[in-house]
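The structure appears right after this line, and notes come after that.
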Amino acid sequence: MTLETKKSVFVELGNFLSQFSEKESVKKSDVLYNDIFFDDFQSLIQLSQSHNGWYTPEQVYFAIESWAEALTAENIEKWLSQYKAQFAQNDGKEKTVALILAGNIPLVGFHDFLSVLITGNKALIKTSSNDQHLLPFLAKYLIAVDENLKDKITFVEGKLENFDAVIATGSNNTSRYFEYYFKDKPSIIRKNRNSAAVLNGNESKEELENLGEDIFRYFGLGCRNVSKLFVPKGYSFDGFFEAIFKYQDVIHYEKYANNYDYNKAVFLMSNFKLLDNGFLTIKEDSSYASPISSVFYEFYENIDDLKTRLEADSEQIQCIVSSDLIQNSIRFGETQKPQLWDYADNVDTITFLLTTK
């Protein structure tokens, strides 16, 4: 398969995904193989919460719509154009790349899957027990579009064997196991990371509402979810709580509500001082990793000192949200819409796949 062919296959997948929306899914006449896949995918979306209680239709639709927006010919071309020299220098030798995927949010491992195939390699995939259905379904669609992919995609349930490189995502604990087990293979090993927001007190209500999207999307389970706020000394959280009130319905999801009740009780029994609005607690804490239904915060006095701190802590941080207070920060409300060229942990997967021997 040529690179142009592989690009076109993923554009077709983007066209297929573009039909599905929480508001209304519309079957388009010009999408390939809709007669085989449309109804089954719609059913799978509705069944996802029975496979994983966190995968509500709302959250699954959001993930699908995000990938539909990403997988356009224009975006794929923009993404891959920076690697023209590396594609040209690549010896063309096909590698089998083992993918150990997380399952915290829907299709969280899709970018790795896409990267392996678009670089002309084989994907040997071990899905998370929490996300075993969505990616295999999309793989079947890709194979229908181009049967040459049939020998490029393999899902395994047991031990991973006969591979040349590995991309593994897990916790800090599992990463130590991965690093030991795969020490003789070229690898990308991802650990726990969290995201933070830096406020200066001048944010508009709209910006703070969008910050709520960064906090509550996927119930806060993603590494790109904001779990830590940095606020100026003396900051009042009244405006913040007022702005995020629109997300109050999150407490009606049983799994989220159970976490809220449990974590709030643990904090209170430990005599921690909390701010609470009935569906989110915020606590002053130096850690970046807050539990579900809670956000940590710290006060700062000097923005330059904070920049130095964030730079020093960069390996703990996935992304930073601000209103241009921090260089390369993301706009409020955009953390869960990464572009194809926004790499997890800032590790360039395409370069790794094209240059690894």
Side-chain angles (χ1 to χ4, degrees), residues 1-34 37-38 41 60-90 105-121 123 134-135 137-146 148-149 152-153 210 213-214 217 222 224 318-319 321 324 328-355:
M1 295 176 68
T2 66
L3 178 58
E4 293 307 313
T5 299
K6 292 191 282 281
K7 289 178 184 177
S8 67
V9 170
F10 280 101
V11 170
E12 288 297 339
L13 177 60
N15 290 337
F16 174 74
L17 295 177
S18 70
Q19 303 172 108
F20 300 92
S21 169
E22 183 185 9
K23 293 181 180 179
E24 183 183 13
S25 294
V26 179
K27 193 173 185 179
K28 301 176 183 177
S29 60
D30 61 341
V31 175
L32 297 178
Y33 303 108
N34 254 349
F37 290 96
F38 183 92
F41 194 50
V60 176
Y61 277 120
F62 182 88
I64 291 167
E65 290 178 55
S66 297
W67 277 112
E69 292 173 9
L71 293 174
T72 65
E74 183 180 33
N75 282 338
I76 293 174
E77 184 60 35
K78 180 178 179 179
W79 174 39
L80 297 180
S81 62
Q82 62 184 303
Y83 303 103
K84 286 182 178 179
Q86 290 176 318
F87 273 107
Q89 293 169 7
N90 186 30
I105 66 175
L107 292 172
V108 68
F110 185 83
H111 193 279
D112 289 336
F113 171 76
L114 163 64
S115 298
V116 169
L117 295 179
I118 209 79
T119 53
N121 296 300
L134 292 169
L135 185 59
F137 188 97
L138 298 187
K140 289 179 182 177
Y141 182 82
L142 289 169
I143 293 168
V145 174
D146 193 321
N148 289 311
L149 287 171
K152 309 283 188 182
I153 303 169
N210 290 339
E213 170 71 14
D214 298 324
R217 174 59 60 190
R224 297 181 68 89
Q318 190 63 257
C319 56
V321 181
D324 295 324
N328 297 322
S329 60
I330 299 171
R331 292 182 301 175
F332 294 103
E334 297 294 320
T335 62
Q336 296 299 344
K337 293 183 177 181
Q339 301 290 341
L340 293 172
W341 45 89
D342 292 328
Y343 292 105
D345 299 4
N346 294 315
V347 177
D348 189 325
T349 316
I350 297 295
T351 294
F352 169 78
L353 292 166
L354 289 175
T355 59

Worksheet item: Has the side chain of Asn34 got a donor or acceptor atom that lies under 3.5 Å from a matching backbone atom of Ser29?
Response: no
Worksheet item: Does a side-chain heavy-atom distance below 4.5 Å link Trp79 with Asp342?
Response: no
Discussion item. For Lys78, I'd like to know if atom NZ has over 12 heavy atoms of other residues, nucleotides or ligands within 6.0 Å.
Written reply: no
Worksheet item: Under 6.0 Å between ring centres, would you say that holds for Phe41 and Tyr141?
Response: no
Item to complete: Any chance you could measure His111, atom NE2, to Tyr343, atom OH, to the nearest 0.5 Å?
Response: 5.5 Å
Worksheet item: Are there more than 12 heavy atoms of other residues, nucleotides or ligands under 6.0 Å from atom NZ of Lys140?
Response: no
Worksheet item: So, do Lys6 and Leu117 sit near enough that their side-chain heavy atoms are less than 4.5 Å apart?
Response: no
Response to the item:
Tightest non-hydrogen contact, residues Thr5 and Met1, listed as CG2-CE, 3.9 Å
Practice prompt. Let me see the working for Asn210 and Asp214 under side-chain contact (heavy atoms from CB on, under 4.5 Å), right down to the final yes or no.
Written response: CA-CA 7 Å; Asn210 290 339; Asp214 298 324; 5.5 Å; no
Worksheet item: Is the backbone of Asp345 close enough, under 3.5 Å, to the side chain of Gln318 for a donor and an acceptor to pair up by distance?
Response: yes
Discussion item. A side-chain contact here means heavy atoms from C-beta on lying under 4.5 Å apart; do Tyr83 and Leu353 qualify?
Written reply: no
Worksheet item: Which heavy atom in Phe113 sits nearest to a heavy atom in Ala123, and how many Å separate them?
Response: CD1-CB, 4.5 Å
Discussion item. To check you understand the geometry: which heavy-atom pair defines the closest contact between Thr335 and Cys319, and what is its length?
Written reply: CG2-SG, 4.2 Å
Discussion item. For the CG atom of Asn75 and the CG atom of Leu80, what is their distance to the nearest 0.5 Å?
Written reply: 10.5 Å
Worksheet entry | Exam field: side chain Arg224 to backbone Gln336, donor-acceptor pair closer than 3.5 Å | no
Worksheet item: Distance from Asn15 atom CG to Glu12 atom CD, nearest 0.5 Å?
Response: 5.0 Å
Discussion item. Please check: side-chain N/O of Asp146 versus main-chain N/O of Asn148, any donor-acceptor pairing under 3.5 Å?
Written reply: yes
Worksheet item: With a 4.5 Å heavy-atom cut-off, do Leu138 and Phe110 have their side chains touching?
Response: yes
Worksheet item: How long is the gap from CD on Gln86 to CD1 on Ile350, to the nearest 0.5 Å?
Response: 9.0 Å
Worksheet item: How about Leu114 and Leu340: do any of their side-chain heavy atoms sit closer than 4.5 Å?
Response: yes
Item to complete: Find the distance between CD1 (Ile76) and CH2 (Trp341) and round it off to the nearest 0.5 Å.
Response: 10.5 Å
Worksheet entry | Cationic N near anionic O, under 4.0 Å, Glu334 to Lys337 | no
Practice prompt. Please step through side-chain contact (heavy atoms from CB on, under 4.5 Å) for the pair Leu3 and Ile118, ending with a clear verdict.
Written response: CA-CA 7 Å; Leu3 178 58; Ile118 209 79; 4.2 Å; yes
Worksheet item: Any side-chain heavy atom of Phe62 sitting closer than 4.5 Å to one from Glu213?
Response: yes
Worksheet entry | Nearest-0.5 Å distance that lies between atom OG1 in Thr72 and atom CZ in Phe10 | 14.0 Å
Worksheet item: Would a 4.5 Å heavy-atom cut-off, applied to side chains only, mark Phe16 and Leu32 as touching?
Response: no
Worksheet item: Got Thr349 and Asp112 here, is their nearest side-chain heavy-atom distance under 4.5 Å?
Response: yes
Discussion item. With a 3.5 Å distance limit and no angle check, can you tell me whether Glu69 reaches the backbone of Ser66 through a side-chain donor-acceptor pair?
Written reply: no
Discussion item. Taking the six-membered ring for Trp, are Phe20 and Phe38 closer than 6.0 Å centroid to centroid?
Written reply: yes
Worksheet entry | Exercise: identify the closest heavy-atom pair between Pro106 and Leu134 | CB-CD1, 4.0 Å
